[in-house]
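Report on the structure given below.
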Protein chains: 2
Amino acid sequence: MSIRSSKITNPVVTEELAGNANGGKTRPRERIVSAACTLFRENGIRATGVEAIAEAADTNKMTLYRHFGSKDELICEALKCISDRHAAFWEKLTADFPDDSQARLLAWVELRAASLVDEPHGCDLSNAAVELKETDHPAHAVIEQVKAAQHRRLVALCADAGSRDPDLLANTLAMLLEGARVSRCASGAEGPCRQFSRACHAAIAAFRN
Amino acid sequence: MSIRSSKITNPVVTEELAGNANGGKTRPRERIVSAACTLFRENGIRATGVEAIAEAADTNKMTLYRHFGSKDELICEALKCISDRHAAFWEKLTADFPDDSQARLLAWVELRAASLVDEPHGCDLSNAAVELKETDHPAHAVIEQVKAAQHRRLVALCADAGSRDPDLLANTLAMLLEGARVSRCASGAEGPCRQFSRACHAAIAAFRN
DNA sequence: TACATTTGTTACCGATCGGTCACGTCGATG
DNA sequence: CATCGACGTGACCGATCGGTAACAAATGTA
């Protein structure tokens with residue numbers, strides 16, 4: 001359901017050079033990454049076996065290991081795929097509101113609030129960070145890098161919207177979003193996340209010029 | 001370190017009827033729950049085997065299964081133990097600031113901010129909720145119940161402190177705390193959680209009467 | 001002392017995990 | 001047609017998992 005919207009963005013467009021002309025069927029690598037994203041999100045990373053990923057990708061374990069040296073490598077690749085989706089989200093946001101940066105910030109709140117409703121599993125990056133406690137796991141580098149990029153974009157958005165303290169506002173919004181997502185898992189849809197939008201608006205108003 | 005403060009509350013007091021007079025050594029059941037709490041927090045729930053728990057508790061797997069019917073049951077019991085620590089935290093908070101409810105709210109912020117510094121693993125309850133995706137897992141009932149109790153206490157605290165909208169303020173503070181904790185795992189100590197305290201103060205000021 | 005309860009020890013079970021090997025199949029290219 | 005690379009299939013490996021059986025040792029109680 002949530003994977004369907006991403007499947008149309010990634011594979012079809014980028015496979016023209018490969019000249020694969022069969023009926024819309026993508027190559028195994030993309031299917032594996034896509035399936036890994038879905039299963040990791042819905043069942044957790046450790047709880048998802050490589051065989052289940054291969055099966056969901058309509059292929060087999062051997063082909064999976066021909067493309068990815070290990071499960072950890074596949075995990076990193078899946079996180080990078082999610083990072084690409086985040087980047088696409090930001091590009092679409094700036095494209096939809098090219099001039100009015102104030103409206104762009106409000107749209108960010110609204111879109112994130114909407115994602116809280118139909119995505120009950122929280123942030124895939126943060127969930128991975130929570131689940132993979134080994135501090136030397138290669139996924140942590142990917143996660144930190146993506147989170148840093150997101151923070152930079154959010155700070156820029158707050159600055160464009162004319163906040164008095166863009167860094168503080170960005171961090172506040174980041175904590176509110178992260179907290180809303182995780183409390184969606186722990187306390188349900190009727191928990192604190194219910195008032196995510198109002199809390200964001202209050203923060204924006206509090207840090208206005 | 002954090003486990004030590006709880007060890008003095010639970011076992012010693014409740015074991016007088018058992019008449020165990022050996023040198024301060026607690027009974028296996030408490031040691032198992034305590035070890036489970038520590039290992040679950042430091043290594044994750046799924047990544048922690050029952051044998052490792054028994055070993056850390058200075059006992060063996062057979063004794064563990066004599067006290068707990070399954071690992072899932074032990075998980076629930078460990079979460080309940082953590083719930084007791086939360087309750088102790090709140091009791092101490094109200095005991096330390098019996099009169100000044102405004103100061104009590106500020107102390108809540110300060111204590112939570114301090115816990116962000118020396119506890120890099122976030123909220124054990126939320127982490128468990130994220131890690132255990134099976135919606136029918138018995139741990140979810142425990143988690144939701146504890147989270148609901150915490151929410152009630154936080155709302156009461158905000159109301160006592162004279163907020164205009166205690167429910168909204170409590171939810172905002174809950175999201176900020178939850179988000180600060182998880183972003184501590186995903187983005188490091190220099191991420192958004194760095195400004196948790198300031199964000200809380202701004203929220204409190206925004207919702208003041 | 002005699003008994004009952006709680007622990008400790010060891011070996012074991014079936015299942016699943018991540019990962020590999022050998023071989024067979026297919027489609028594209030020359 | 002021949003070749004080559006990507007893919008599919010199934011069996012297999014060692015390790016680890018949660019959980020159990022059987023028996024010995026310790027412990028408290030009468």
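Note on naming: letters A, B, ... go to the chains in the order of the sequence lines (proteins, then strands), and numbering restarts at 1 for each one. Values below: all heavy atoms of this structure, side chains included; hydrogens, waters and symmetry mates excluded.
Checked by atom type and distance alone, the side chain of S83(B) never pairs as donor or acceptor with a backbone atom of L79(B) at under 3.5 Å. Of the possible donor and acceptor atoms, none in the side chain of H137(B) sits under 3.5 Å from a partner among the backbone N and O of K133(B). With hydrogens and angles disregarded, a donor-acceptor distance shorter than 3.5 Å links the side chain of T48(A) to the backbone of L39(A). Of the possible polar contacts, one joining the S70(B) side chain to the E73(B) backbone as a donor-acceptor pair under 3.5 Å is found. Here the side chain of R184(A) pairs a donor or acceptor atom with the backbone of V117(A) at under 3.5 angstrom. With hydrogens and angles disregarded, a donor-acceptor distance shorter than 3.5 Å links the side chain of S163(A) to the backbone of F207(A).
For I32(A) and dG18(C), the CD1 to C1' distance is 15 Å, given to the nearest whole Å. Separating the CG atom of D58(A) from the P atom of dC7(D) is a distance of 13 Å, rounded to the nearest angstrom. What separates CZ of R29(A) from P of dA6(D) is a distance of 13 Å, to the nearest Å. Spacing between atom CG of L74(B) and atom P of dC17(D) amounts to 15 Å, rounded to whole angstrom units. Atom CD1 of I53(B) and atom C1' of dT16(D) are 15 Å apart (whole Å). I75(A) places its CD1 atom 14 Å from the P atom of dC17(C), with the value rounded to the nearest Å. Atom pair L39(B):CG and dC17(D):P shows a separation of 12 Å (rounding to whole Å applied). dG27(C) atom P lies 15 Å from atom CZ of R27(A), rounded to whole Å.
Salt bridge D167(A)/R194(B): present, at least one basic N to carboxylate O contact under 4.0 Å. Between D58(B) and R31(B), none of the side-chain N atoms (NZ, or NE/NH1/NH2) sits under 4.0 Å from a carboxylate O, so this pair counts as no salt bridge. Comment: E178(B) engages K147(B) in a salt bridge, judged by a side-chain N to carboxylate O separation of less than 4.0 angstrom. In summary, R85(A) and D124(A) do not engage in a salt bridge, as defined by a charged side-chain N under 4.0 Å from a carboxylate O.
For residues 59-69 of chain A, proximity to DNA chain D is found at T59(A), N60(A), M62(A), T63(A), R66(A), H67(A), defined as any non-hydrogen atom under 4.0 angstrom from a strand atom. Near-neighbour residues of DNA chain D inside residues 129-141 of chain A, defined by a heavy atom below 4.0 Å, are absent. DNA chain D lies under 4.0 Å from at least one heavy atom of each of the following residues of residues 42-49 of chain B: T48(B), G49(B).
Within 6.0 Å of atom CD in E110(B), 12 or fewer heavy atoms from other residues, nucleotides or ligands are found, so the atom counts as exposed in its surroundings.
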